[in-house]
Amino acid sequence: MAMRAAVLAPRGLRRLFSTSTFIPPPVNQSTPSPPQAEPSPNLFVSGLSKRTTTEGLRDAFAKFGEVVHARVVTDRVSGYSKGYGFVRYATTEEAAAGIQGMDGKFLDGWVIFAEYARPRPPPGTPPNTGNYPPYGGSPPYGQQ
DNA sequence: AGTGAGCGC
């Protein structure tokens, strides 16, 4: 009777197919590291040509909304463009229109990328120079 | 020098 072993074998494999405690792939309960920043009137534009200046950047984005501020980041010492810049619209919806209208488009022969700019640490929290408040800087840990 | 990813003073 060799069939005996064939019948008993599948019984041991049952635990592999048991429906107990199946962990479904978590979609995304929390957003620990969003690839893009949340909507804001501020835009980060990359992929700019070295020839593109603040004026050209503002002029290109002004077609989709009221640009209150535009700047092409240039190196302090060399003075040349770093190839990216920032555009600030009056409202967030205008910024969205600016992204839809300029992202992936050409500017001075280069494909540019427009997205929401990341929030920047405001001036008021200078690097720890050794001076503690009220002279500026951060107090050591454990101190209130 | 502008080689080309990125986040500004």
Side-chain angles (χ1 to χ4, degrees), chain A residues 5-144:
Chain A
V7 175
L8 293 176
R11 276 233 305 235
L13 297 177
R14 277 230 198 131
R15 46 200 306 272
L16 296 179
F17 298 93
S18 70
T19 57
S20 64
T21 326
F22 172 73
I23 305 176
V27 183
N28 223 346
Q29 319 183 54
S30 59
T31 51
S33 54
Q36 283 191 346
E38 49 187 280
S40 70
N42 225 19
L43 257 55
F44 171 74
V45 186
S46 58
L48 295 178
S49 168
K50 305 295 183 185
R51 299 159 294 190
T52 303
T53 178
T54 294
E55 199 175 57
L57 185 65
R58 172 191 289 266
D59 184 72
F61 279 78
K63 297 181 297 185
F64 304 95
E66 179 184 349
V67 179
V68 292
H69 185 67
R71 172 176 302 165
V72 170
V73 179
T74 54
D75 187 75
R76 290 291 183 93
V77 288
S78 64
Y80 283 102
S81 170
K82 286 187 178 179
Y84 65 90
F86 295 89
V87 173
R88 167 169 293 212
Y89 281 100
T91 61
T92 303
E93 54 186 19
E94 285 177 318
I99 292 180
Q100 301 297 325
M102 286 305 299
D103 184 52
K105 297 307 188 309
F106 279 87
L107 183 57
D108 289 333
W110 285 83
V111 180
I112 68 175
F113 300 95
E115 56 189 329
Y116 294 112
R118 301 172 184 166
R120 216 193 38 176
T125 46
N128 206 336
T129 55
N131 281 335
Y132 305 134
Y135 303 102
S138 306
Y141 299 102
Q143 196 168 358
Q144 320 188 30

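Proteins get letters first, then strands, A, B, ... in listed order; numbering begins at 1 in each.
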Rounded to the nearest angstrom, tell me the gap between atom [atom1] in [X] and atom [atom2] in [N].
| X | N | atom1 | atom2 | value |
| --- | --- | --- | --- | --- |
| A:Leu107 | B:dG4 | CG | C1' | 15 Å |
| A:Glu115 | B:dG6 | CD | C1' | 9 Å |
| A:Lys82 | B:dG4 | NZ | P | 17 Å |
| A:Arg88 | B:dG8 | CZ | P | 14 Å |
| A:Arg120 | B:dG8 | CZ | P | 7 Å |

Of the listed nucleotides [options], the one nearest the side chain of [X]:
| X | options | answer |
| --- | --- | --- |
| A:Trp110 | B:dG8, B:dG4, B:dG2 | B:dG4 |
| A:Ser46 | B:dC7, B:dG2, B:dG6 | B:dG6 |
| A:Tyr80 | B:dC7, B:dG2, B:dG8 | B:dG2 |
| A:Lys50 | B:dG6, B:dC7, B:dG4 | B:dG4 |

Between A:Thr54 (side chain) and A:Val72 (backbone), is there a donor-acceptor pair under 3.5 Å?
yes

Using atom types as modelled and distance alone, determine if a side-chain donor or acceptor of A:Tyr116 lies under 3.5 Å from a backbone N or O of A:Ile99.
no

C1' atom, B:dG2 versus B:dG6: distance in rounded Å?
16 Å

I'd like to check the side chain to side chain donor-acceptor pair (under 3.5 Å) partners of A:Arg51; sequence neighbours left out, ordered by chain and number.
A:Ser49

Taking side chain to side chain donor-acceptor pair (under 3.5 Å) as the test, write out the residues that go with A:Thr91, two or more places apart.
A:Glu94

Hey, can you pull the residues of residues 52-76 of chain A with a non-hydrogen atom under 4.0 angstrom from DNA chain B?
A:His69, A:Arg71, A:Val73, A:Arg76

Got a sec? Which of residues 91-102 of chain A come in under 4.0 Å of DNA chain B, heavy atoms?
none

Please name the pair of heavy atoms, one in A:Thr52 and one in A:Leu57, separated by the smallest distance, quoted to 0.1 Å.
CG2-N, 4.3 Å

Side chains of A:Asp75 and A:Tyr80, heavy atoms from C-beta outward: is any pair under 4.5 Å?
no

Any side-chain heavy atom of A:Phe106 sitting closer than 4.5 Å to one from A:Val111?
yes

Which residues pass the ring-ring contact (aromatic ring centres under 6.0 Å, His included) test with A:Phe86, not counting sequence neighbours?
A:Phe44

For A:Phe64, ring-ring contact (aromatic ring centres under 6.0 Å, His included) partners two or more places apart
none

Looking for any heavy atom pair under 4.0 Å, which part of the strands does [X] touch: base, sugar-phosphate only, or nothing?
| X | answer |
| --- | --- |
| A:Leu48 | base |
| A:Tyr116 | base |
| A:Gly85 | nothing |

